J.: 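Following this message is one structure expressed as structure tokens.
Everything numeric in this text was worked out from a predicted model, so none of it was measured. Naming convention: chains lettered A, B, ... in sequence-line order (proteins, then strands); numbering from 1 in each chain.
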Protein chains: 2
Amino acid sequence: MKVTINDVARLAGVSMKTVSRVINKEPSVRKKTYDTVMDAVKELNYQPNLAARNLAGTSSFTVGLVYDNPNAYYVIDMQNGVLSRCKDEGYELVIHPCTYTDANMKDEFITMIKRSRLAGLVLTPPLSEQSSITNLLDELNIHYVRVLSGRPSDDDQDTCIYVNDYKAAYEITTHLLTHGHENIGFICGDKEHKSTSERLEGYKAALADHHKEFDKRFVYDGKYSFESGVEGAKHLLAENNTLAITAILGGNDEMAAGALFASRLMGIAIPEQLSITGFEDSPFSRQTWPKLTTAHQANDVISQHAARLLFTKTRGARNQDKDIITSFTPSIVIRESSGPKQ
Amino acid sequence: MKVTINDVARLAGVSMKTVSRVINKEPSVRKKTYDTVMDAVKELNYQPNLAARNLAGTSSFTVGLVYDNPNAYYVIDMQNGVLSRCKDEGYELVIHPCTYTDANMKDEFITMIKRSRLAGLVLTPPLSEQSSITNLLDELNIHYVRVLSGRPSDDDQDTCIYVNDYKAAYEITTHLLTHGHENIGFICGDKEHKSTSERLEGYKAALADHHKEFDKRFVYDGKYSFESGVEGAKHLLAENNTLAITAILGGNDEMAAGALFASRLMGIAIPEQLSITGFEDSPFSRQTWPKLTTAHQANDVISQHAARLLFTKTRGARNQDKDIITSFTPSIVIRESSGPKQ
DNA sequence: AGTTAGAATGACAACGCTATCAACAAGCTA
DNA sequence: TAGCTTGTTGATAGCGTTGTCATTCTAACT
């Protein structure tokens with residue numbers, strides 16, 4: 001039942017160290033030896049024991065995923081992405097949800113690190129934006145990869161995967177502008193999240209490129225929540241829509257859904273009288289009626305690349321993964337909630 | 001930096017085996033010795049190395065969570081519950097999402113088992129309802145705990161945590177009945193899910209206890225999705241509501257949200273003209289307007305108990321956990337989407 | 001006091017793998 | 001041909017824990 005490296009070695013007629021070399025893709029193994037060993041591995045359906053590898057080796061086969069994000073859809077997507085990559089590469093994933101406070105963070109990390117040495121951590125927003133965390137990890141000498149909202153130039157490419165919310169917001173705003181909308185509202189998410197400012201900047205840039213002046217009356221400060229979307233729409237469309245808004249950009253799908261709901265209650269036809277767009281392409285955007293035009297963020301793919309980036313760090317120079325994408329731009333998905341200005 | 005069992009032993013002036021006995025709460029350790037060791041453990045902030053424990057011991061400190069559920073909220077809740085318990089008890093959690101097919105299931109499990117010996121698995125619905133899976137696990141001799149929709153008497157208490165959807169549906173239906181509703185529609189979830197039949201049975205039982213005859217025209221077969229809720233409401237309220245329905249029970253929050261949306265489009269006032277209730281108390285139920293009356297399912301608590309039940313199995317007779325709850329009944333949460341018949 | 005069961009403790013060998021370093025083979029240079 | 005480098009392989013010692021079994025202590029008996 002339990003197949004060990006020795007069984008493989010015996011069958012292949014080599015030493016156990018050679019088998020170890022083969023399964024770790026170390027250099028200096030003759031092609032023929034490699035094949036013999038691989039045949040034995042397959043024949044016995046050998047799976048290296050993770051605990052033993054972690055215990056014996058200098059590098060670990062365990063990575064951690066840390067999240068502090070209320071959005072379950074987001075978390076699951078990120079997790080699935082990292083997980084699928086781990087599975088492919090024989091790594092194990094330790095999940096670590098946590099509500100961020102400087103105080104308990106340190107202890108938690110240290111405990112986690114001590115319990116099982118980690119190859120590294122994948123940090124997701126908004127945790128990934130906290131410099132106190134990255135400082136702590138630097139101090140503890142733990143590898144990490146951050147998924148961040150931002151533009152590629154910002155920071156170092158070795159530790160970050162960027163999601164170009166700026167560009168996506170620029171494009172979605174442009175989409176609305178080219179469809180004749182002149183007065184476009186924007187419902188912002190939490191001020192503390194970097195994605196909020198990035199998306200707002202993209203919105204502003206698109207307006208500027210279309211020679212429209214930015215007017216802060218068109219912006220509502222929300223909270224990335226449904227309620228906040230409801231409030232935002234109410235606010236922007238107040239007093240019989242004196243601002244003559246014909247389109248609203250939601251900072252995320254949840255807020256867009258809220259805005260959509262509020263608009264309906266006000267008797268506004270979507271998309272005839274008002275176009276509404278979301279952000280993220282979460283299941284949310286398909287559970288509204290009409291479905292939301294939004295920016296599709298391939299979170300699972302993003303997190304897969306984050307994992308790959310992390311793996312390259314522990315594996316050292318050998319076995320580098322050259323095809324890692326470190327910058328993603330969400331792409332617009334046009335659905336029924338937006339249309340030309342009428 | 002790295003503290004091992006030997007460091008603790010040295011500081012406490014005992015052998016490393018005694019330290020091992022203490023941290024594993026084995027019997028036959030003098031109280032005084034125990035305290036001395038624990039002091040040393042605390043002073044050095046010692047954390048047993050998981051890889052070493054898993055490698056050396058007969059019992060494993062790793063449990064697996066297997067899910068095949070499209071509902072991210074549900075999965076996250078279950079995961080968090082198991083995770084929090086694992087953290088408390090020094091276990092590690094390996095997550096295993098999978099789309100169920102008899103064929104690849106076996107291979108996946110075997111790989112997973114071989115890679116790291118598992119203390120056991122927590123199976124969540126709908127996977128937990130597949131007898132082919134439990135048979136496979138029995139065959140592989142792997143411990144497991146199932147979270148299931150059902151009533152306590154159904155099966156053995158050693159391997160199952162029951163969620164009494166029957167009773168919850170009974171209560172929510174009774175709630176509507178006692179508020180004067182006579183014609184209550186029911187939008188069912190997927191036929192294959194046990195929760196669907198359990199909830200339907202509860203609905204029927206409540207009607208029966210109020211001397212109302214069950215009429216299958218009041219039931220719509222849906223799919224646990226938003227769209228399905230929309231369709232369900234349209235269907236039930238068709239032709240100017242010839243059935244004179246004044247309340248609709250959604251099989252889950254998502255469908256209830258769909259039903260609510262559809263009703264609004266038909267110009268029906270909620271809850272004045274129609275009461276709508278959901279099931280699960282997912283964030284969904286708070287993201288509709290008005291908020292949904294629903295049945296609160298404490299998924300995190302449920303999964304915590306599932307984890308505890310699993311732990312007792314590997315730990316053997318010693319250190320039994322006696323306070324495990326194996327049956328949960330969701331409790332009604334009354335919000336604005338339901339009210340007395342008018 | 002002497003005996004003894006049983007509790008408390010420790011020495012040491014696993015667990016399955018990787019790292020180190022030594023050994024050997026093959027191909028080169030002088 | 002000797003001497004060297006480079007490429008390929010293997011013997012052996014850990015990694016940090018638990019399991020086994022032997023040993024020592026304790027307390028309750030004759």
Side-chain angles (χ1 to χ4, degrees), chain A residues 1-10 12-37 40-41 44 46-62 90-92 113-117 119 314-316 318-319, chain B residues 1-10 12-37 40-41 44 46-62 90-92 113-117 119 314-316 318-319:
Chain A
M1 176 69 203
K2 197 183 289 172
V3 181
T4 75
I5 201 170
N6 271 308
D7 300 322
V8 178
R10 209 171 305 123
V14 297
S15 79
M16 123 189 146
K17 177 66 218 191
T18 299
V19 177
S20 170
R21 285 197 180 91
V22 170
I23 61 175
N24 288 298
K25 300 206 201 323
E26 287 178 31
S28 300
V29 175
R30 210 190 305 273
K31 176 78 169 66
K32 203 181 147 216
T33 315
Y34 181 91
D35 292 339
T36 316
V37 171
V41 166
L44 298 175
Y46 168 67
Q47 287 290 337
N49 178 303
L50 250 155
R53 289 182 111 174
N54 281 337
L55 185 57
T58 51
S59 69
S60 149
F61 286 84
T62 302
Y91 278 71
E92 182 153 328
I113 299 320
K114 282 195 175 174
R115 277 242 265 269
S116 37
R117 191 159 32 76
T314 13
R315 279 196 298 237
R318 71 189 183 217
N319 289 108
Chain B
M1 175 70 202
K2 197 184 288 173
V3 181
T4 76
I5 200 169
N6 270 308
D7 301 320
V8 179
R10 208 171 306 124
V14 297
S15 77
M16 94 192 164
K17 179 66 221 193
T18 298
V19 177
S20 171
R21 285 197 178 92
V22 170
I23 61 175
N24 288 298
K25 300 206 200 321
E26 287 177 30
S28 298
V29 176
R30 208 187 305 274
K31 176 77 170 66
K32 201 180 147 217
T33 315
Y34 181 91
D35 291 339
T36 316
V37 171
V41 165
L44 298 175
Y46 166 68
Q47 287 290 337
N49 178 304
L50 250 157
R53 290 182 112 173
N54 281 337
L55 185 58
T58 52
S59 69
S60 149
F61 286 84
T62 302
Y91 278 71
E92 182 154 329
I113 300 319
K114 282 194 177 176
R115 278 243 264 269
S116 36
R117 191 160 31 78
T314 12
R315 279 197 298 239
R318 71 189 182 217
N319 289 105

J.: Should A:Arg53 and A:Asn24 count as side-chain neighbours, where that means a heavy-atom distance under 4.5 Å?
T.: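 The answer is yes, as the side chains (C-beta and beyond) meet within the 4.5 Å cut-off.
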
J.: Report which part of the nucleic acid B:Lys2 touches: base, sugar-phosphate, or nothing (heavy-atom distance under 4.0 Å, all strands).
T.: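 Sugar-phosphate only.
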
J.: Among the candidates D:dG10, C:dT18, C:dC15, find the nucleotide nearest to the side-chain atoms of A:Val14.
T.: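 Among the listed nucleotides, the one closest to the side chain of A:Val14 is D:dG10.
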
J.: By nearest atom, which of the nucleotides C:dA19, D:dG10, C:dC17 is closest to the A:Arg21 side chain?
T.: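 Between C:dA19, D:dG10, C:dC17, the one nearest the side chain of A:Arg21 would be D:dG10.
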
J.: Picking from D:dG16, C:dT18, C:dA11, which would you name as closest to the side chain of A:Arg53?
T.: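 Output: C:dT18.
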
J.: Can a side chain N or O of B:Ser20 be found less than 4.0 Å away from OP1 or OP2 on D:dT17?
T.: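 For B:Ser20, the contact criterion (side-chain N or O under 4.0 Å from OP1 or OP2 of D:dT17) is not met.
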
J.: Rounded to whole angstrom units, what separation is found between the CG atom of B:Asn6 and the C1' atom of D:dG14?
T.: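 Computing the B:Asn6:CG to D:dG14:C1' distance gives 13 Å.
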
J.: Report the residue (B:Arg30 or B:Ala52) whose heavy-atom-nearest nucleotide on DNA chain C is the more 5′ of the two.
T.: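 In this pair, the answer is B:Arg30.
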
J.: Please state how far atom CD in B:Glu26 lies from atom P in D:dT20, giving the value in whole angstrom units.
T.: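 After rounding, the gap between these two atoms is 11 Å.
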
J.: Out of C:dC17, C:dT9, D:dC15, which nucleotide sits closest to the side chain of A:Leu55?
T.: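 In terms of side-chain proximity for A:Leu55, the closest of C:dC17, C:dT9, D:dC15 is D:dC15.
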
J.: B:Ile5 has a side chain; which of C:dG16, C:dT9, D:dT18 sits nearest to it?
T.: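 Nearest listed nucleotide: D:dT18.
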
J.: Could you say whether A:Pro48 or B:Lys17 is positioned toward the 5' end of DNA chain C, judged by the nucleotide with the nearest heavy atom to each?
T.: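 Its nucleotide being nearer the 5' end, the pick is B:Lys17.
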
J.: At 4.0 Å (heavy atoms only), tell me whether A:Ser28 reaches a base, stays on the sugar-phosphate, or touches nothing.
T.: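 It contacts base atoms.
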
J.: Rounded to the nearest Å, what distance is computed from the CG atom of residue A:Asn49 to the P atom of nucleotide D:dC15?
T.: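 Checked: the CG to P distance equals 18 Å.
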
J.: Give A:Tyr46 one of three labels, base, sugar-phosphate or nothing, depending on what nucleic acid heavy atoms sit under 4.0 Å from its own.
T.: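 Sugar-phosphate contact only - A:Tyr46 comes under 4.0 Å of backbone atoms but never of a base.
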
